[in-house]
> 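Right, I'll just put the structure down here and ask away after.
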Amino acid sequence: MLKIYNTLSKKVENFIPIDKSHIKIYVCGPTVYDKIHIGNARPLVVFDTLVRLLKFKYPKVTYVRNITDVDDKINDRLLSEKITLDDLTSKTINDFQKDSTSLNNLGPDYEPKATEHISEMIKMIEDLILKKFAYLSKGHVLFNIKKFPDYGSLSNRTLEEMISGSRVEVADYKINPGDFVLWKPSEQNIPGWESPWGRGRPGWHIECSAMSKKYLGVQFDIHGGGADLIFPHHENEIAQSRCANNSNSLANYWMHNGYVNIDNVKMSKSLKNFVSISELLNRFKGETIRYFLLQSHYRAPLNFSNNSLLEANTSLSSLYRSVENLSVNGDPDKEILTNLEDDVNTPRVFSRLHYLSEQANKGSIEAAQLLKNSSPILGLLENTSDNWFKTNSFNEDNLSINELTRKEILELIKKRTNAKIKKNFELADKIRRSLDDQGIVLEDNADGTDWRYK
Ligand SMILES: [Zn+2]
């Protein structure tokens with residue numbers, strides 16, 4: 001039985017699908033004005049892992065992840081860089097998809113763009129006006145939160161708390177300070193679409209309400225995203241969708257992943273303390289980044305450091321060593337499945353992976369095979385060991401990363417000593433790191449360099 005922590009009830013619940021022959025899941029996708037950072041990558045990997053599990057358990061899964069390609073951050077970029085909307089978003093979407101694929105994500109079944117669903121958004125806004133949940137004021141269409149008694153139930157906030165919160169924009173055209181924009185006017189120099197309320201653009205929240213309805217219907221199983229989306233984005237999605245669709249639920253289970261911190265501060269573009277995925281991919285394999293992102297429980301905060309990626313790389317190498325020359329042949333390990341079904345408990349999955357690896361290293365062929373068989377459900381260890389070691393980023397200067405013989409280790413130490421004499425510290429350091437990555441520690445002393453296994 002799959003168990004999921006539901007943000008709506010604040011409890012771990014048994015997952016009961018609406019239709020067990022077809023599971024439907026929606027995850028909020030990127031706003032495409034810049035490259036994604038490691039904080040943006042976390043939901044991609046977390047929900048990809050969940051979808052892999054759902055696809056294993058159920059006959060059909062439809063996974064929708066949108067692309068927000070109309071947004072004020074995008075407009076700011078267009079004005080400052082003097083480029084067209086299409087130039088900016090097509091390049092950013094391309095980079096995004098490349099980064100996402102590098103992280104071994106399978107990709108959603110539908111990846112709708114907001115700009116291609118403006119008419120669906122206009123229709124939904126018209127419905128909300130007709131039903132008196134929304135009103136027109138100074139060229140804006142706003143949602144009246146006082147008309148929806150359940151408003152605040154996802155984020156567990158009272159109206160007062162929401163209003164005093166800094167994220168609610170106070171404006172003179174609102175009836176209640178917490179009312180949010182469904183449609184707003186666009187000046188001539190920024191993207192806009194004709195609507196019954198003049199040339200304008202949709203608010204961010206209505207995009208997801210309109211697109212989830214089109215691809216998944218008025219009610220679906222799981223809605224996911226980062227914890228920073230709970231309020232106001234998801235709260236507003238629920239309000240719009242339930243009021244427009246006359247339904248008592250948008251998604252039955254709401255799942256949110258924790259923040260990625262850097263030096264214990266939330267990584268974000270606005271704080272400018274982010275590390276982009278493309279930058280990391282110059283130094284690490286995408287699979288290493290995926291491993292790092294799955295190491296912690298998805299709801300817990302995750303602290304990023306270069307060292308954590310180096311450690312992830314070492315751990316993955318040790319797993320790859322245990323599955324050499326094996327290919328997938330059978331179902332995943334049962335204990336790994338059980339841990340995934342327990343609210344995607346990847347830390348426990350990882351300790352099981354390393355347990356199996358230890359058993360494999362002691363000679364258990366069965367453990368090695370179970371390890372390899374678990375690769376498709378995790379999106380890890382899917383490469384061949386040969387290829388993993390050959391293409392590892394620490395494999396520069398033809399340093400072999402395979403199990404080294406004593407002779408090879410001594411040769412590498414000699415190469416490093418020569419590099420140091422020639423003041424090529426970069427190469428010397430690269431050799432030391434590469435050996436370290438294979439579990440070999442170098443110790444410099446007065447007589448030269450000793451080595452030992454970690
Ligand atoms: Zn969304």
> So how far is it from Leu182 CG to Tyr135 OH, rounded to the nearest 0.5 Å?
9.5 Å
> Is it the case that the side chain of Tyr320 and the backbone of Asn383 share a donor-acceptor pair, with hydrogens and angles ignored and the cut-off at 3.5 Å?
yes
> Apply ring-ring contact (aromatic ring centres under 6.0 Å, His included) to the pair Phe350 and Tyr291, showing each step before the final yes or no.
CA-CA 9 Å; Phe350 278 39; Tyr291 184 98; 4.5 Å; yes
> Are Val46 and Leu50 side-chain neighbours, meaning at least one heavy-atom pair lies under 4.5 Å?
no
> Is it the case that the side chain of Arg290 and the backbone of Leu380 share a donor-acceptor pair, with hydrogens and angles ignored and the cut-off at 3.5 Å?
no
> What is the minimum heavy-atom distance between Tyr63 and Phe47, and which atoms define it?
OH-CB, 4.1 Å
> Quick check against the 3.5 Å criterion: does Ser186 have a side-chain atom that pairs as donor or acceptor with the backbone of Arg199?
no
> Does a side-chain heavy-atom distance below 4.5 Å link Lys57 with Glu341?
yes
> Taking side chain to side chain donor-acceptor pair (under 3.5 Å) as the criterion, tell me which of Asp343, Asn345, Thr49 meets it with Tyr298.
Asp343
> Less than 4.0 angstrom from a charged side-chain N to a carboxylate O is my criterion; do Asp437 and Arg433 meet it?
no
> For the pair His205 and Phe180, name the ring-plane relationship: parallel under 30°, tilted 30 to 60°, perpendicular over 60°.
perpendicular
> Between His256 and His234, does the ring-ring contact (aromatic ring centres under 6.0 Å, His included) criterion hold? Intermediate values first, please.
CA-CA 10 Å; His256 295 96; His234 289 165; 5.0 Å; yes
> Please determine whether a side-chain nitrogen of the Lys or Arg among Asp179 and Lys146 lies less than 4.0 Å from a carboxylate oxygen of the Asp or Glu.
no
> I'd like to check Arg348 versus Glu335 (side-chain heavy atoms, cut-off strictly below 4.5 Å). Are they in contact?
no
> Which of these, Gln219, Glu13, Lys24, sits in a side chain to side chain donor-acceptor pair (under 3.5 Å) with Asn252?
Gln219
> Under the side chain to side chain contact (heavy atoms under 4.5 Å, CB included) rule, what do Phe15 and Ile222 come out as? Steps first, then yes or no, please.
CA-CA 10 Å; Phe15 175 67; Ile222 302 171; 3.8 Å; yes
> So how far is it from Glu237 CD to Cys208 SG, rounded to the nearest 0.5 Å?
4.5 Å
> Out of curiosity, Met121 CE to Ile125 CD1, how far, rounded to the nearest 0.5 Å?
8.5 Å
> Ring centroids only, cut at 6.0 angstrom: are Tyr215 and His117 within range, meaning strictly under it?
yes
> How close do Ser296 and Thr346 get, heavy atom to heavy atom, and via which atoms?
O-OG1, 3.3 Å
> Please check if the side chain of His354 supplies one atom and the backbone of Arg352 the other of a donor-acceptor pair under 3.5 Å.
no
> With a distance cut-off below 6.0 Å to the six-membered ring centre and an angular limit of 45° from the axis, does Arg299 pair with Tyr5 as a cation-pi contact?
yes
> Below 4.5 Å, heavy atoms only, C-beta onward: do Lys174 and Ser137 meet side chain to side chain?
no
> Take Ser305 and Asn307, measure what side-chain hydrogen bond (donor to acceptor under 3.5 Å, both in side chains) needs, and give me the verdict at the end.
CA-CA 5 Å; Ser305 66; Asn307 244 347; 5.8 Å; no
> Counting only N and O atoms by type, is there a donor-acceptor contact under 3.5 Å from the side chain of Glu235 to the main-chain atoms of Leu154?
yes
> Please check if the side chain of Ser90 supplies one atom and the backbone of Asp86 the other of a donor-acceptor pair under 3.5 Å.
yes
> Do Thr384 and Val323 have side chains that get closer than 4.5 Å, going by heavy atoms?
no
> Do Arg52 and Leu106 come close enough that some side-chain heavy atom pair is under 4.5 Å?
yes
> To the nearest 0.5 angstrom, please state how far the NZ atom of Lys98 sits from the CD1 atom of Ile277.
13.5 Å
> I'd like to know if Lys184 and Asp72 make a salt bridge, using a cut-off of under 4.0 Å between side-chain N and carboxylate O.
yes
> When you measure from the side chain of Asn6 to the backbone N and O of Leu8, does any donor-acceptor pair fall under 3.5 Å?
yes
> For the residue pair His223 and Tyr253, is the inter-centroid distance of their aromatic rings smaller than 6.0 Å?
no
> Backbone N or O of Leu88 within a donor-acceptor pair of the Thr92 side chain at under 3.5 Å?
yes
> I'd like to check Arg42 versus Tyr259 (side-chain heavy atoms, cut-off strictly below 4.5 Å). Are they in contact?
no
> Rounded to the nearest 0.5 Å, how far apart are CH2 of Trp254 and CD1 of Ile230?
10.0 Å
> Before you tell me yes or no, could you show the steps for Trp204 and Val181 under side chain to side chain contact (heavy atoms under 4.5 Å, CB included), namely the whole-Å CA-CA distance, both residues' side-chain angles and the distance that decides it to 0.1 Å?
CA-CA 8 Å; Trp204 170 33; Val181 166; over 6 Å; no
> For the CG atom of Asp48 and the CG atom of Asn105, what is their distance to the nearest 0.5 Å?
4.0 Å
> Using a 3.5 Å distance criterion without hydrogens, assess whether the side chain of Lys35 forms a donor-acceptor pair with backbone atoms of Phe96.
no
> For Asp429 and Arg432, what are the C-alpha separation, side-chain angles and deciding distance, and is it a salt bridge (charged side-chain N to carboxylate O under 4.0 Å, His left out)?
CA-CA 5 Å; Asp429 197 48; Arg432 185 189 53 73; 2.7 Å; yes
> Run the salt-bridge test on Asp109 and Arg65 with the 4.0 Å N-O cut-off and return the result as yes or no.
no
> Start with the C-alpha distance between Asp221 and Ile25, add both sets of side-chain angles, then the distance that settles side chain to side chain contact (heavy atoms under 4.5 Å, CB included), and finish with yes or no.
CA-CA 6 Å; Asp221 297 298; Ile25 172 168; over 6 Å; no
